[in-house]
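The block underneath contains the structure these notes are about, expressed in C-alpha coordinates.
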There are 2 protein chains.
Amino acid sequence: MPDSEYRDIRKLDLFAQMADDNFTSLMRGAYVQNFPAQIELITEGEPSDFLHIVISGSVDLFSTWNGRETSMATVRPISTFILAATIKDAPYLMSARTLEKSRIALIPSQDVRAIFDADMNFARAVVTELAQCYRSVIKAQKDLKLRTSLERLANYLLRQQRHAGGAAAFELSFEKRRLASVLGMTPENLSRAFKGLQPYGVSVTGTRISIDNQADLERFAKPNPLIDDFST
Amino acid sequence: MPDSEYRDIRKLDLFAQMADDNFTSLMRGAYVQNFPAQIELITEGEPSDFLHIVISGSVDLFSTWNGRETSMATVRPISTFILAATIKDAPYLMSARTLEKSRIALIPSQDVRAIFDADMNFARAVVTELAQCYRSVIKAQKDLKLRTSLERLANYLLRQQRHAGGAAAFELSFEKRRLASVLGMTPENLSRAFKGLQPYGVSVTGTRISIDNQADLERFAKPNPLIDDFST
DNA sequence: CAAATCAATTGATATATGTCAACCCGTCGG
DNA sequence: CCGACGGGTTGACATATATCAATTGATTTG
(Lines give C-alpha, C1' and ligand atoms only; values in the text may rest on other atoms or scores of the structure.)
Protein backbone atom coordinates (compact mmCIF):
# COMPACT_ATOMS: atom_id res chain seq x y z
CA MET A 1 0.00 0.00 0.00
CA PRO A 2 1.45 3.39 -0.97
CA ASP A 3 2.43 5.63 1.88
CA SER A 4 -0.13 8.30 0.98
CA GLU A 5 -3.00 5.83 1.18
CA TYR A 6 -1.70 4.52 4.47
CA ARG A 7 -1.75 8.03 5.83
CA ASP A 8 -5.21 8.76 4.41
CA ILE A 9 -6.65 5.73 6.12
CA ARG A 10 -4.90 6.65 9.31
CA LYS A 11 -6.69 9.99 9.19
CA LEU A 12 -10.15 8.42 9.22
CA ASP A 13 -12.04 9.14 12.44
CA LEU A 14 -12.15 5.43 13.01
CA PHE A 15 -8.37 5.08 13.12
CA ALA A 16 -7.05 8.53 13.96
CA GLN A 17 -6.78 8.14 17.73
CA MET A 18 -5.53 4.58 18.07
CA ALA A 19 -2.04 3.58 19.11
CA ASP A 20 0.56 3.44 16.35
CA ASP A 21 1.48 -0.19 16.69
CA ASN A 22 -2.18 -1.26 16.79
CA PHE A 23 -2.82 0.58 13.56
CA THR A 24 0.29 -0.91 12.02
CA SER A 25 -0.74 -4.39 12.99
CA LEU A 26 -4.24 -3.83 11.56
CA MET A 27 -2.74 -2.70 8.28
CA ARG A 28 -0.26 -5.54 8.15
CA GLY A 29 -3.11 -8.00 7.67
CA ALA A 30 -4.90 -5.80 5.15
CA TYR A 31 -5.21 -6.33 1.43
CA VAL A 32 -5.63 -3.53 -1.05
CA GLN A 33 -7.13 -4.28 -4.41
CA ASN A 34 -8.31 -2.49 -7.53
CA PHE A 35 -11.68 -3.52 -8.86
CA PRO A 36 -13.35 -2.65 -12.16
CA ALA A 37 -16.84 -1.15 -12.28
CA GLN A 38 -19.89 -3.28 -11.56
CA ILE A 39 -18.11 -5.92 -9.51
CA GLU A 40 -20.06 -7.43 -6.66
CA LEU A 41 -17.71 -7.14 -3.70
CA ILE A 42 -19.91 -8.77 -1.11
CA THR A 43 -23.23 -10.56 -1.17
CA GLU A 44 -25.84 -10.29 1.52
CA GLY A 45 -26.09 -13.37 3.70
CA GLU A 46 -22.41 -14.23 3.50
CA PRO A 47 -20.18 -14.20 6.58
CA SER A 48 -18.42 -10.89 7.18
CA ASP A 49 -14.76 -11.73 6.82
CA PHE A 50 -13.47 -8.25 6.06
CA LEU A 51 -14.03 -4.68 7.02
CA HIS A 52 -13.95 -2.73 3.75
CA ILE A 53 -12.51 0.71 3.14
CA VAL A 54 -13.17 2.60 -0.07
CA ILE A 55 -9.94 4.38 -1.00
CA SER A 56 -11.07 5.62 -4.40
CA GLY A 57 -14.06 5.13 -6.67
CA SER A 58 -17.49 4.45 -5.16
CA VAL A 59 -19.54 1.55 -3.93
CA ASP A 60 -23.27 0.91 -3.94
CA LEU A 61 -24.83 -0.88 -0.98
CA PHE A 62 -28.01 -2.62 -2.05
CA SER A 63 -30.41 -5.33 -1.02
CA THR A 64 -32.67 -7.74 -2.80
CA TRP A 65 -35.77 -9.70 -1.91
CA ASN A 66 -38.11 -11.73 -4.02
CA GLY A 67 -36.67 -10.50 -7.29
CA ARG A 68 -36.73 -6.83 -6.27
CA GLU A 69 -33.71 -4.71 -5.56
CA THR A 70 -33.14 -1.43 -3.75
CA SER A 71 -30.18 0.84 -3.21
CA MET A 72 -29.56 1.48 0.46
CA ALA A 73 -26.57 3.83 0.36
CA THR A 74 -23.51 4.91 -1.56
CA VAL A 75 -20.05 4.75 -0.02
CA ARG A 76 -17.49 7.29 -1.20
CA PRO A 77 -13.80 7.74 -0.34
CA ILE A 78 -12.55 7.61 2.19
CA SER A 79 -14.80 5.64 4.42
CA THR A 80 -15.56 2.16 5.63
CA PHE A 81 -18.56 -0.04 5.24
CA ILE A 82 -20.18 -3.02 6.95
CA LEU A 83 -18.63 -2.17 10.28
CA ALA A 84 -21.64 -3.55 12.16
CA ALA A 85 -21.46 -6.99 10.56
CA THR A 86 -17.72 -7.09 11.25
CA ILE A 87 -18.20 -6.23 14.91
CA LYS A 88 -21.07 -8.64 15.45
CA ASP A 89 -19.43 -11.35 13.36
CA ALA A 90 -22.81 -11.72 11.66
CA PRO A 91 -23.77 -12.15 8.01
CA TYR A 92 -23.90 -9.10 5.73
CA LEU A 93 -27.34 -7.55 5.48
CA MET A 94 -26.50 -5.75 2.27
CA SER A 95 -24.62 -6.52 -0.90
CA ALA A 96 -22.00 -4.17 -2.29
CA ARG A 97 -20.90 -3.47 -5.84
CA THR A 98 -18.44 -1.03 -7.33
CA LEU A 99 -20.09 1.76 -9.29
CA GLU A 100 -16.87 2.60 -11.07
CA LYS A 101 -13.24 1.50 -11.03
CA SER A 102 -12.45 1.45 -7.32
CA ARG A 103 -9.64 0.81 -4.93
CA ILE A 104 -10.67 -1.05 -1.80
CA ALA A 105 -8.79 -2.03 1.34
CA LEU A 106 -9.86 -5.18 3.16
CA ILE A 107 -9.07 -5.69 6.82
CA PRO A 108 -9.75 -9.14 8.28
CA SER A 109 -12.71 -8.85 10.65
CA GLN A 110 -11.07 -10.88 13.37
CA ASP A 111 -8.17 -8.42 13.46
CA VAL A 112 -10.62 -5.55 13.89
CA ARG A 113 -12.31 -7.34 16.77
CA ALA A 114 -8.97 -8.20 18.38
CA ILE A 115 -7.64 -4.64 18.19
CA PHE A 116 -10.99 -3.38 19.44
CA ASP A 117 -10.39 -5.27 22.67
CA ALA A 118 -6.84 -4.04 22.96
CA ASP A 119 -7.19 -0.37 22.10
CA MET A 120 -9.53 1.84 24.08
CA ASN A 121 -9.28 4.73 21.63
CA PHE A 122 -10.13 2.49 18.74
CA ALA A 123 -13.06 1.10 20.70
CA ARG A 124 -14.36 4.58 21.32
CA ALA A 125 -14.03 5.44 17.66
CA VAL A 126 -15.89 2.29 16.63
CA VAL A 127 -18.73 3.16 18.95
CA THR A 128 -18.94 6.71 17.67
CA GLU A 129 -18.92 5.49 14.09
CA LEU A 130 -21.62 2.89 14.75
CA ALA A 131 -23.77 5.41 16.57
CA GLN A 132 -23.38 7.72 13.59
CA CYS A 133 -24.38 4.95 11.17
CA TYR A 134 -27.37 4.05 13.31
CA ARG A 135 -28.57 7.62 13.41
CA SER A 136 -28.16 7.97 9.67
CA VAL A 137 -30.40 4.99 9.04
CA ILE A 138 -33.00 6.30 11.47
CA LYS A 139 -33.01 9.56 9.54
CA ALA A 140 -33.40 7.68 6.28
CA GLN A 141 -36.29 5.76 7.79
CA LYS A 142 -38.01 8.94 8.91
CA ASP A 143 -37.50 10.35 5.42
CA LEU A 144 -39.19 7.28 3.94
CA LYS A 145 -42.08 7.04 6.34
CA LEU A 146 -42.94 10.69 6.81
CA ARG A 147 -42.49 12.11 3.32
CA THR A 148 -43.93 11.61 -0.13
CA SER A 149 -41.55 10.90 -2.98
CA LEU A 150 -41.77 14.49 -4.15
CA GLU A 151 -40.80 15.73 -0.72
CA ARG A 152 -37.96 13.24 -0.51
CA LEU A 153 -36.59 14.43 -3.83
CA ALA A 154 -36.89 18.09 -2.85
CA ASN A 155 -35.00 17.50 0.38
CA TYR A 156 -32.45 15.34 -1.36
CA LEU A 157 -31.73 18.17 -3.79
CA LEU A 158 -31.30 20.63 -0.93
CA ARG A 159 -28.90 18.27 0.84
CA GLN A 160 -26.97 17.66 -2.34
CA GLN A 161 -26.80 21.37 -3.02
CA ARG A 162 -25.36 22.01 0.41
CA HIS A 163 -22.93 19.17 -0.02
CA ALA A 164 -21.81 20.65 -3.34
CA GLY A 165 -21.03 23.99 -1.76
CA GLY A 166 -24.37 25.75 -1.72
CA ALA A 167 -24.41 27.26 -5.21
CA ALA A 168 -27.73 27.45 -7.05
CA ALA A 169 -26.55 24.99 -9.71
CA PHE A 170 -24.81 21.68 -9.10
CA GLU A 171 -24.39 18.17 -10.46
CA LEU A 172 -26.15 15.03 -9.36
CA SER A 173 -23.49 12.72 -8.05
CA PHE A 174 -24.91 9.60 -9.64
CA GLU A 175 -27.21 8.38 -12.34
CA LYS A 176 -30.91 8.95 -12.01
CA ARG A 177 -31.95 5.33 -11.97
CA ARG A 178 -29.90 4.81 -8.86
CA LEU A 179 -31.11 8.01 -7.30
CA ALA A 180 -34.62 6.75 -7.87
CA SER A 181 -33.79 3.51 -6.08
CA VAL A 182 -32.16 5.35 -3.18
CA LEU A 183 -35.21 7.56 -2.83
CA GLY A 184 -37.49 4.52 -2.96
CA MET A 185 -39.19 5.09 -6.29
CA THR A 186 -39.06 4.02 -9.92
CA PRO A 187 -37.00 5.87 -12.55
CA GLU A 188 -40.22 6.88 -14.34
CA ASN A 189 -41.54 8.38 -11.17
CA LEU A 190 -38.34 10.26 -10.50
CA SER A 191 -38.60 11.78 -13.95
CA ARG A 192 -42.10 13.00 -13.14
CA ALA A 193 -41.03 14.14 -9.69
CA PHE A 194 -38.45 16.45 -11.28
CA LYS A 195 -41.25 17.95 -13.33
CA GLY A 196 -43.34 18.23 -10.21
CA LEU A 197 -40.64 20.43 -8.69
CA GLN A 198 -40.58 22.84 -11.63
CA PRO A 199 -43.26 25.04 -10.02
CA TYR A 200 -40.83 25.48 -7.12
CA GLY A 201 -38.06 26.67 -9.37
CA VAL A 202 -36.12 23.48 -10.00
CA SER A 203 -34.76 22.96 -13.50
CA VAL A 204 -32.90 19.91 -14.74
CA THR A 205 -30.64 19.39 -17.74
CA GLY A 206 -29.10 15.95 -17.75
CA THR A 207 -27.33 15.60 -14.42
CA ARG A 208 -27.20 19.34 -13.85
CA ILE A 209 -29.68 20.74 -11.34
CA SER A 210 -30.46 24.38 -10.94
CA ILE A 211 -32.42 25.77 -8.03
CA ASP A 212 -33.81 29.05 -9.27
CA ASN A 213 -35.93 29.85 -6.27
CA GLN A 214 -34.26 28.70 -3.10
CA ALA A 215 -36.91 30.06 -0.75
CA ASP A 216 -39.78 28.49 -2.66
CA LEU A 217 -38.16 25.08 -2.72
CA GLU A 218 -37.32 25.22 0.96
CA ARG A 219 -40.83 26.28 1.80
CA PHE A 220 -42.07 23.20 0.00
CA ALA A 221 -39.38 20.78 1.21
CA LYS A 222 -39.40 21.86 4.86
CA PRO A 223 -35.93 20.44 5.55
CA ASN A 224 -35.36 19.38 9.13
CA PRO A 225 -32.01 18.83 10.84
CA LEU A 226 -33.38 15.72 12.57
CA ILE A 227 -33.83 14.13 9.14
CA ASP A 228 -31.58 15.95 6.73
CA ASP A 229 -28.53 16.98 8.68
CA PHE A 230 -26.07 14.14 8.31
CA SER A 231 -23.47 15.54 10.66
CA THR A 232 -25.43 15.25 13.92
CA MET B 1 -34.52 0.83 43.56
CA PRO B 2 -35.70 -2.61 44.74
CA ASP B 3 -33.07 -5.31 44.75
CA SER B 4 -34.89 -7.42 42.19
CA GLU B 5 -34.91 -4.58 39.67
CA TYR B 6 -31.27 -3.90 40.31
CA ARG B 7 -30.48 -7.51 39.52
CA ASP B 8 -32.70 -7.52 36.43
CA ILE B 9 -30.91 -4.53 35.01
CA ARG B 10 -27.59 -6.08 35.86
CA LYS B 11 -28.58 -9.08 33.75
CA LEU B 12 -29.05 -7.02 30.59
CA ASP B 13 -26.47 -7.83 27.94
CA LEU B 14 -25.38 -4.23 28.14
CA PHE B 15 -24.40 -4.46 31.83
CA ALA B 16 -23.84 -8.16 32.48
CA GLN B 17 -20.09 -8.26 31.92
CA MET B 18 -18.97 -5.01 33.48
CA ALA B 19 -17.07 -4.68 36.74
CA ASP B 20 -19.16 -4.60 39.91
CA ASP B 21 -18.10 -1.21 41.14
CA ASN B 22 -18.61 0.37 37.72
CA PHE B 23 -22.14 -0.95 37.63
CA THR B 24 -22.75 0.22 41.15
CA SER B 25 -21.51 3.68 40.36
CA LEU B 26 -23.70 3.84 37.24
CA MET B 27 -26.72 2.88 39.31
CA ARG B 28 -25.90 5.32 42.06
CA GLY B 29 -26.60 8.22 39.71
CA ALA B 30 -29.73 6.64 38.30
CA TYR B 31 -33.31 7.65 38.93
CA VAL B 32 -36.21 5.26 38.78
CA GLN B 33 -39.66 6.61 38.19
CA ASN B 34 -43.19 5.43 37.55
CA PHE B 35 -45.05 7.08 34.71
CA PRO B 36 -48.73 6.88 33.78
CA ALA B 37 -49.80 5.94 30.24
CA GLN B 38 -49.42 8.42 27.37
CA ILE B 39 -46.68 10.48 28.95
CA GLU B 40 -44.11 11.93 26.60
CA LEU B 41 -40.79 10.93 28.14
CA ILE B 42 -38.52 12.56 25.61
CA THR B 43 -39.01 14.83 22.62
CA GLU B 44 -37.00 14.64 19.45
CA GLY B 45 -34.49 17.42 19.08
CA GLU B 46 -33.78 17.73 22.78
CA PRO B 47 -30.34 17.00 24.22
CA SER B 48 -29.89 13.43 25.39
CA ASP B 49 -29.33 13.74 29.09
CA PHE B 50 -30.29 10.23 30.10
CA LEU B 51 -30.04 6.68 28.92
CA HIS B 52 -33.46 5.16 29.53
CA ILE B 53 -34.27 1.64 30.66
CA VAL B 54 -37.79 0.25 30.53
CA ILE B 55 -38.28 -1.86 33.65
CA SER B 56 -41.99 -2.50 33.21
CA GLY B 57 -44.72 -1.31 30.88
CA SER B 58 -43.88 -0.31 27.31
CA VAL B 59 -42.70 2.69 25.39
CA ASP B 60 -43.42 3.88 21.87
CA LEU B 61 -40.62 5.53 19.90
CA PHE B 62 -42.07 7.82 17.26
CA SER B 63 -41.19 10.72 15.03
CA THR B 64 -43.03 13.64 13.56
CA TRP B 65 -42.53 15.92 10.60
CA ASN B 66 -44.77 18.53 9.05
CA GLY B 67 -47.78 17.48 11.08
CA ARG B 68 -47.39 13.78 10.33
CA GLU B 69 -46.35 11.16 12.84
CA THR B 70 -44.99 7.64 12.56
CA SER B 71 -44.18 4.88 15.03
CA MET B 72 -40.59 3.74 14.70
CA ALA B 73 -40.40 1.00 17.33
CA THR B 74 -41.76 -0.29 20.61
CA VAL B 75 -39.52 -0.84 23.61
CA ARG B 76 -40.50 -3.55 26.06
CA PRO B 77 -38.95 -4.66 29.36
CA ILE B 78 -36.24 -5.03 30.01
CA SER B 79 -34.27 -3.01 27.56
CA THR B 80 -32.73 0.37 26.95
CA PHE B 81 -33.41 3.03 24.39
CA ILE B 82 -31.65 6.02 22.79
CA LEU B 83 -28.24 4.54 23.42
CA ALA B 84 -26.87 6.11 20.24
CA ALA B 85 -27.86 9.65 21.20
CA THR B 86 -26.37 9.09 24.65
CA ILE B 87 -23.08 7.89 23.26
CA LYS B 88 -22.79 10.63 20.65
CA ASP B 89 -24.06 13.29 23.03
CA ALA B 90 -26.35 14.36 20.21
CA PRO B 91 -30.03 15.36 20.17
CA TYR B 92 -32.71 12.67 20.21
CA LEU B 93 -33.92 11.68 16.76
CA MET B 94 -37.11 10.15 18.10
CA SER B 95 -39.66 11.02 20.74
CA ALA B 96 -40.79 8.48 23.31
CA ARG B 97 -44.07 8.06 25.12
CA THR B 98 -45.36 5.48 27.53
CA LEU B 99 -48.03 3.21 26.07
CA GLU B 100 -49.18 2.09 29.49
CA LYS B 101 -48.22 2.65 33.10
CA SER B 102 -44.47 2.13 33.04
CA ARG B 103 -41.47 2.05 35.28
CA ILE B 104 -38.39 3.67 33.77
CA ALA B 105 -34.81 3.98 34.98
CA LEU B 106 -32.81 7.01 33.92
CA ILE B 107 -29.03 6.96 33.88
CA PRO B 108 -27.24 10.27 33.28
CA SER B 109 -25.64 10.15 29.85
CA GLN B 110 -22.35 11.56 31.05
CA ASP B 111 -22.03 8.71 33.54
CA VAL B 112 -22.56 6.20 30.71
CA ARG B 113 -19.86 7.87 28.64
CA ALA B 114 -17.48 7.99 31.58
CA ILE B 115 -17.91 4.35 32.49
CA PHE B 116 -17.61 3.47 28.82
CA ASP B 117 -14.08 4.85 28.88
CA ALA B 118 -13.23 3.08 32.11
CA ASP B 119 -14.68 -0.38 31.54
CA MET B 120 -13.61 -2.43 28.56
CA ASN B 121 -16.34 -5.01 29.02
CA PHE B 122 -18.99 -2.35 29.12
CA ALA B 123 -17.51 -0.76 26.01
CA ARG B 124 -17.70 -4.06 24.19
CA ALA B 125 -21.31 -4.51 25.25
CA VAL B 126 -22.22 -1.02 24.08
CA VAL B 127 -20.71 -1.72 20.69
CA THR B 128 -22.53 -5.01 20.36
CA GLU B 129 -25.79 -3.40 21.33
CA LEU B 130 -25.33 -0.53 18.89
CA ALA B 131 -24.40 -2.90 16.09
CA GLN B 132 -27.55 -4.86 16.89
CA CYS B 133 -29.67 -1.71 16.79
CA TYR B 134 -28.11 -0.65 13.52
CA ARG B 135 -28.80 -3.97 11.91
CA SER B 136 -32.38 -3.93 13.14
CA VAL B 137 -33.02 -0.59 11.47
CA ILE B 138 -31.42 -1.78 8.25
CA LYS B 139 -33.79 -4.74 8.29
CA ALA B 140 -36.73 -2.46 8.89
CA GLN B 141 -35.61 -0.34 5.99
CA LYS B 142 -35.37 -3.31 3.67
CA ASP B 143 -38.82 -4.37 4.82
CA LEU B 144 -40.18 -0.93 3.91
CA LYS B 145 -38.44 -0.53 0.58
CA LEU B 146 -38.72 -4.04 -0.80
CA ARG B 147 -42.20 -5.12 0.27
CA THR B 148 -45.77 -3.98 -0.25
CA SER B 149 -47.88 -3.30 2.79
CA LEU B 150 -49.61 -6.67 2.43
CA GLU B 151 -46.27 -8.45 2.42
CA ARG B 152 -45.08 -6.45 5.40
CA LEU B 153 -48.18 -7.42 7.35
CA ALA B 154 -47.84 -11.08 6.41
CA ASN B 155 -44.24 -11.17 7.55
CA TYR B 156 -45.05 -9.24 10.68
CA LEU B 157 -47.64 -11.83 11.61
CA LEU B 158 -45.17 -14.64 11.06
CA ARG B 159 -42.59 -12.90 13.24
CA GLN B 160 -45.15 -12.21 15.91
CA GLN B 161 -46.33 -15.79 15.79
CA ARG B 162 -42.81 -17.05 16.30
CA HIS B 163 -42.27 -14.56 19.09
CA ALA B 164 -45.45 -15.80 20.78
CA GLY B 165 -44.26 -19.39 20.77
CA GLY B 166 -45.20 -20.60 17.31
CA ALA B 167 -48.81 -21.68 17.92
CA ALA B 168 -51.32 -21.16 15.10
CA ALA B 169 -53.26 -18.61 17.17
CA PHE B 170 -51.82 -15.69 19.09
CA GLU B 171 -52.51 -12.16 20.25
CA LEU B 172 -51.34 -8.94 18.68
CA SER B 173 -49.16 -7.22 21.21
CA PHE B 174 -50.54 -3.74 20.57
CA GLU B 175 -53.45 -1.87 19.11
CA LYS B 176 -54.02 -1.92 15.40
CA ARG B 177 -53.66 1.78 14.80
CA ARG B 178 -50.14 1.61 16.13
CA LEU B 179 -49.39 -1.54 14.23
CA ALA B 180 -50.49 0.30 11.11
CA SER B 181 -48.10 3.14 11.88
CA VAL B 182 -45.23 0.76 12.57
CA LEU B 183 -45.87 -1.00 9.27
CA GLY B 184 -46.02 2.33 7.46
CA MET B 185 -49.68 2.42 6.54
CA THR B 186 -52.99 3.91 7.63
CA PRO B 187 -55.35 2.10 10.01
CA GLU B 188 -57.92 1.81 7.21
CA ASN B 189 -55.39 0.13 5.02
CA LEU B 190 -54.34 -2.27 7.73
CA SER B 191 -57.95 -3.30 8.10
CA ARG B 192 -58.11 -4.05 4.39
CA ALA B 193 -54.75 -5.76 4.49
CA PHE B 194 -56.07 -8.23 7.07
CA LYS B 195 -58.88 -9.01 4.67
CA GLY B 196 -56.36 -9.36 1.89
CA LEU B 197 -54.65 -12.12 3.87
CA GLN B 198 -57.83 -14.13 4.35
CA PRO B 199 -57.18 -16.09 1.13
CA TYR B 200 -53.93 -17.23 2.73
CA GLY B 201 -55.66 -18.56 5.79
CA VAL B 202 -55.38 -15.63 8.19
CA SER B 203 -58.38 -14.90 10.39
CA VAL B 204 -58.73 -12.06 12.83
CA THR B 205 -61.05 -11.53 15.78
CA GLY B 206 -60.21 -8.39 17.68
CA THR B 207 -56.55 -8.72 18.65
CA ARG B 208 -56.55 -12.46 18.19
CA ILE B 209 -54.87 -13.76 15.03
CA SER B 210 -55.21 -17.28 13.76
CA ILE B 211 -53.03 -18.67 11.02
CA ASP B 212 -55.04 -21.52 9.58
CA ASN B 213 -52.71 -22.35 6.73
CA GLN B 214 -49.14 -21.84 7.76
CA ALA B 215 -47.64 -23.08 4.49
CA ASP B 216 -49.85 -20.87 2.35
CA LEU B 217 -49.07 -17.76 4.34
CA GLU B 218 -45.35 -18.47 4.27
CA ARG B 219 -45.45 -19.08 0.55
CA PHE B 220 -46.98 -15.66 0.14
CA ALA B 221 -44.87 -13.84 2.74
CA LYS B 222 -41.52 -15.33 1.74
CA PRO B 223 -39.89 -14.53 5.10
CA ASN B 224 -36.16 -14.01 4.94
CA PRO B 225 -33.71 -14.16 7.85
CA LEU B 226 -31.87 -11.11 6.50
CA ILE B 227 -35.03 -9.07 7.04
CA ASP B 228 -37.15 -10.93 9.56
CA ASP B 229 -34.77 -12.61 11.95
CA PHE B 230 -34.18 -10.13 14.73
CA SER B 231 -31.58 -12.18 16.55
CA THR B 232 -28.80 -11.98 13.95
C1' DC C 1 -78.28 2.96 32.67
C1' DA C 2 -77.49 6.33 29.11
C1' DA C 3 -74.39 9.27 26.93
C1' DA C 4 -69.96 9.93 25.31
C1' DT C 5 -65.86 8.31 23.48
C1' DC C 6 -62.75 5.95 20.69
C1' DA C 7 -60.80 2.15 18.02
C1' DA C 8 -62.02 -0.42 14.21
C1' DT C 9 -64.29 -1.12 10.07
C1' DT C 10 -66.49 -0.13 5.58
C1' DG C 11 -67.58 2.18 1.25
C1' DA C 12 -66.74 5.80 -1.95
C1' DT C 13 -63.45 8.40 -3.86
C1' DA C 14 -58.99 10.82 -4.71
C1' DT C 15 -54.18 10.65 -5.07
C1' DA C 16 -49.78 8.50 -5.48
C1' DT C 17 -47.09 5.32 -7.41
C1' DG C 18 -45.93 1.44 -10.38
C1' DT C 19 -46.06 -0.91 -14.90
C1' DC C 20 -45.80 -1.31 -19.73
C1' DA C 21 -44.79 0.24 -24.20
C1' DA C 22 -42.99 3.50 -27.15
C1' DC C 23 -39.76 6.80 -28.19
C1' DC C 24 -35.74 9.97 -27.90
C1' DC C 25 -31.06 10.69 -27.86
C1' DG C 26 -26.61 10.27 -26.55
C1' DT C 27 -22.46 6.82 -26.74
C1' DC C 28 -19.84 3.23 -28.55
C1' DG C 29 -18.04 -0.09 -31.69
C1' DG C 30 -17.88 -1.95 -36.20
C1' DC D 1 -21.15 6.56 -41.16
C1' DC D 2 -24.39 3.43 -39.32
C1' DG D 3 -26.71 0.64 -36.15
C1' DA D 4 -27.07 -1.33 -31.56
C1' DC D 5 -27.48 -0.29 -27.00
C1' DG D 6 -28.78 1.83 -22.74
C1' DG D 7 -30.40 5.55 -19.93
C1' DG D 8 -33.82 8.72 -19.75
C1' DT D 9 -38.39 10.40 -20.83
C1' DT D 10 -43.30 10.29 -21.96
C1' DG D 11 -48.10 8.71 -22.21
C1' DA D 12 -51.65 5.44 -21.14
C1' DC D 13 -53.09 2.63 -17.89
C1' DA D 14 -53.28 -0.40 -13.61
C1' DT D 15 -52.60 -0.87 -8.90
C1' DA D 16 -51.67 0.59 -4.28
C1' DT D 17 -52.50 3.54 -0.85
C1' DA D 18 -54.53 7.58 1.38
C1' DT D 19 -58.47 10.33 2.52
C1' DC D 20 -63.05 11.35 3.92
C1' DA D 21 -67.37 10.21 5.76
C1' DA D 22 -70.30 7.20 7.99
C1' DT D 23 -71.20 3.21 10.90
C1' DT D 24 -70.38 -0.26 14.29
C1' DG D 25 -69.19 -2.03 18.61
C1' DA D 26 -66.89 -1.99 22.72
C1' DT D 27 -65.54 0.68 26.74
C1' DT D 28 -65.68 4.45 29.72
C1' DT D 29 -67.89 7.92 32.37
C1' DG D 30 -71.26 10.70 34.59
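Chain letters run A, B, ... following the sequence lines, proteins first, then strands; residues in each count from 1.
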Pairs touching residues 78-103 of chain A that satisfy ring-ring contact (aromatic ring centres under 6.0 Å, His included), sequence neighbours left out: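 Output for this query lists A/His52-A/Phe81.
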Can you pull out every ring-ring contact (aromatic ring centres under 6.0 Å, His included) where at least one residue sits in residues 153-189 of chain A? Sequence neighbours excluded, please.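 The answer is none; no pair qualifies.
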[atom1] of [X] versus [atom2] of [N]: gap in Å, rounded?
X        : N      : atom1 : atom2 : answer
B/Arg68  : D/dA18 : CZ    : C1'   : 11 Å
A/Leu179 : D/dG8  : CG    : C1'   : 13 Å
B/Leu183 : D/dA18 : CG    : C1'   : 16 Å

Contacts of [X] that satisfy side chain to side chain contact (heavy atoms under 4.5 Å, CB included) - sequence neighbours left out:
X        : answer
A/Pro223 : A/Asn155, A/Leu158, A/Ala221, A/Asp228
B/Pro2   : B/Ser4, B/Glu5, B/Arg103
A/Ser149 : A/Arg152, A/Met185
A/Lys11  : A/Asp8

Test the A/Lys176-A/Phe194 pair against the cation-pi criterion, namely NZ or CZ under 6.0 angstrom from the six-membered ring centroid and within 45° of the ring axis.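 Yes, cation above the ring, under 6.0 Å and within 45°.
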Enumerate the protein-to-nucleotides 25-30 of chain D contacts in which both atoms are nitrogen or oxygen and the separation is below 3.5 Å.
none

Side chain to side chain donor-acceptor pair (under 3.5 Å) pairs, two or more places apart, involving residues 192-205 of chain B: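 Pairs touching residues 192-205 of chain B that pass the test: B/Ser203-B/Asp212.
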Heavy atoms within less than 4.0 Å of DNA chain C: which residues of residues 185-196 of chain B have one? Give them sorted by number.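 Only B/Glu188, B/Ser191, B/Arg192, B/Lys195 qualify.
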Within a 6.0 Å radius of atom CZ on B/Arg68, are there more than 12 heavy atoms belonging to other residues, nucleotides or ligands?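 For B/Arg68, atom CZ is crowded (more than 12 foreign heavy atoms under 6.0 Å).
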A/Asp13 atom CG, over 12 foreign heavy atoms within 6.0 Å: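 12 or below, so no.
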Mind listing the residues from residues 199-212 of chain B sitting with a heavy atom below 4.0 Å of DNA chain D? Number order is fine.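 Within this stretch, nothing sits under 4.0 Å of the strand.
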For DNA chain C, note the earliest and the latest nucleotide, 5' to 3', having some atom under 4.0 Å of a heavy atom belonging to chain B.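 Taking any atom under 4.0 Å from a heavy atom of chain B, the span is C/dA7 to C/dA12.
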Trace of the side-chain contact (heavy atoms from CB on, under 4.5 Å) decision for A/Arg76 with A/Ser173: CA-CA 11 Å; A/Arg76 296 181 180 286; A/Ser173 57; 3.6 Å; yes
A/Tyr31: partners by ring-ring contact (aromatic ring centres under 6.0 Å, His included), with sequence neighbours left out: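 By the ring-ring contact (aromatic ring centres under 6.0 Å, His included) rule, A/Tyr31 matches A/Phe50.
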